[in-house]
Every structure is written in C-alpha cells, then in structure tokens.
Amino acid sequence: MSLALSVGACFAQISIKVQAPEVVGLNEEFNLAFIISGENSASKFEWQPGDDLEVLWGPQESHSTSISIINGNRTKTEQTSYTYSRRQKTNGQLGISPARATVK
C-alpha cells in the first residue's frame, strides 16, 4: 500500500508519503515509514497505530538536508522520516490510521 499527498504551503511544496509493502502475511514483520519532504522539516509528528497492528519498535526518526545553488538560485530541501517496525495481528485488509505533522 502506498499513499502520496502533496500540499502547497506558503510558496513551498510539501510532500508527505507513506511507504509500506502491498501484501503482508499474518504475523509477518514489516516496516511502515512516513516521509515528509519540503523546504522545512517537520517539528512535530503524531501517529497512533490501530488495533490491527503490533508495534515492534519505532518510531525511528531520521533527517536529511539538501542545498543546491544553480546559477545563483538557492534551493533547500529537508526530509524527515518516521519508521516503525510492525506486525499484522489480524487477517484481511489492513488500514493505516491517520497521522498528523506540523511543518513550520
């Protein structure tokens, strides 16, 4: 399952993506990652897993910053990732509960 959402905020483009495998077996471990990219990094992230998933560890938070200057034009992109290791506890279709992030 993969979800991509783009939101415009003040002239800057913010990208929010969720990465997870498309198929997960019962009791199988898998990683679920929320990735926020844009001119500013996320300052606050909240997510509550649903009852269908067991949290094995996480979130593991990572940050990266990229700055490029081309013909005098400066571009800065920050990326913040929140990764969880999960296990599916029930059979059937898996839903991911909503997450909330604050960016500037």
Side-chain angles (χ1 to χ4, degrees):
M1 77 198 91
S2 179
L3 168 71
L5 171 65
S6 294
V7 180
C10 297
F11 307 116
Q13 194 71 10
I14 308 283
S15 170
I16 304 168
K17 296 180 182 178
V18 177
Q19 289 182 342
E22 288 191 33
V23 177
V24 177
L26 184 62
N27 294 318
E28 180 181 347
E29 292 182 27
F30 66 96
N31 286 341
L32 173 64
F34 297 88
I35 303 165
I36 303 167
S37 301
E39 192 173 308
N40 298 296
S41 63
S43 60
K44 185 177 180 183
F45 179 80
E46 299 172 10
W47 180 63
Q48 296 297 320
D51 295 333
D52 296 340
L53 295 172
E54 175 184 0
V55 177
L56 302 176
W57 57 261
Q60 178 179 347
E61 187 174 332
S62 64
H63 301 278
S64 67
T65 302
S66 170
I67 297 175
S68 65
I69 301 172
I70 301 173
N71 295 330
N73 293 322
R74 180 181 173 273
T75 304
K76 175 183 163 190
T77 303
E78 294 194 27
Q79 180 172 303
T80 307
S81 299
Y82 302 91
T83 303
Y84 297 82
S85 180
R86 312 299 308 235
R87 180 178 294 145
Q88 171 115 5
K89 296 190 317 187
T90 60
N91 281 323
Q93 196 168 22
L94 170 66
I96 298 173
S97 58
R100 171 178 274 157
T102 302
V103 179
K104 195 166 181 176

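Just the heavy atoms: all of them, side chains too, but no hydrogens, waters or symmetry mates, feed the values below. Not measured: the values here are computed from a predicted model.
Counting only residues at least two apart or in different chains, ring pair (Phe, Tyr, Trp, His ring centres under 6.0 Å) contacts with residues 85-104 are absent. For residues 29-38, the pairs satisfying side-chain hydrogen bond (donor to acceptor under 3.5 Å, both in side chains) are Glu29-Arg87, Ser37-Gln79, with sequence neighbours left out. Residue pairs meeting the ring pair (Phe, Tyr, Trp, His ring centres under 6.0 Å) criterion with at least one partner in residues 75-104, sequence neighbours excluded, are Phe45-Tyr82, Trp47-Tyr84.
Scanning both residues, Arg86 and Leu53, for their nearest heavy atoms gives NH2-CB, 2.8 Å.
Residues Thr83 and Leu32 form no side-chain contact, since every pair of their non-hydrogen atoms from C-beta on lies 4.5 Å or further apart. In this structure, Thr77 and Thr65 have side chains that are not in contact, with every pair of non-hydrogen atoms separated by 4.5 Å or more.
Applying the side-chain contact (heavy atoms from CB on, under 4.5 Å) criterion to Arg74, with sequence neighbours excluded, gives Ile67, Ile69, Lys76. Annotation: side-chain contact (heavy atoms from CB on, under 4.5 Å) contacts of Gln93 (sequence neighbours excluded): none. Every side-chain contact (heavy atoms from CB on, under 4.5 Å) that Ser68 has, sequence neighbours left out, goes to Thr75.
A distance of 8.0 Å separates CZ in Arg100 from NZ in Lys44, rounded to the nearest 0.5 Å. Ile36 contributes atom CD1, which lies 11.5 Å from atom CD of Glu78 (distance to the nearest 0.5 angstrom). Interatomic distance, OG1 of Thr80 versus CD1 of Ile35, reported as 10.5 Å (0.5 Å rounding).
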Item to check | Derivation and outcome, side-chain contact (heavy atoms from CB on, under 4.5 Å), residues Ile96 and Phe34 | outcome: CA-CA 11 Å; Ile96 298 173; Phe34 297 88; 4.2 Å; yes
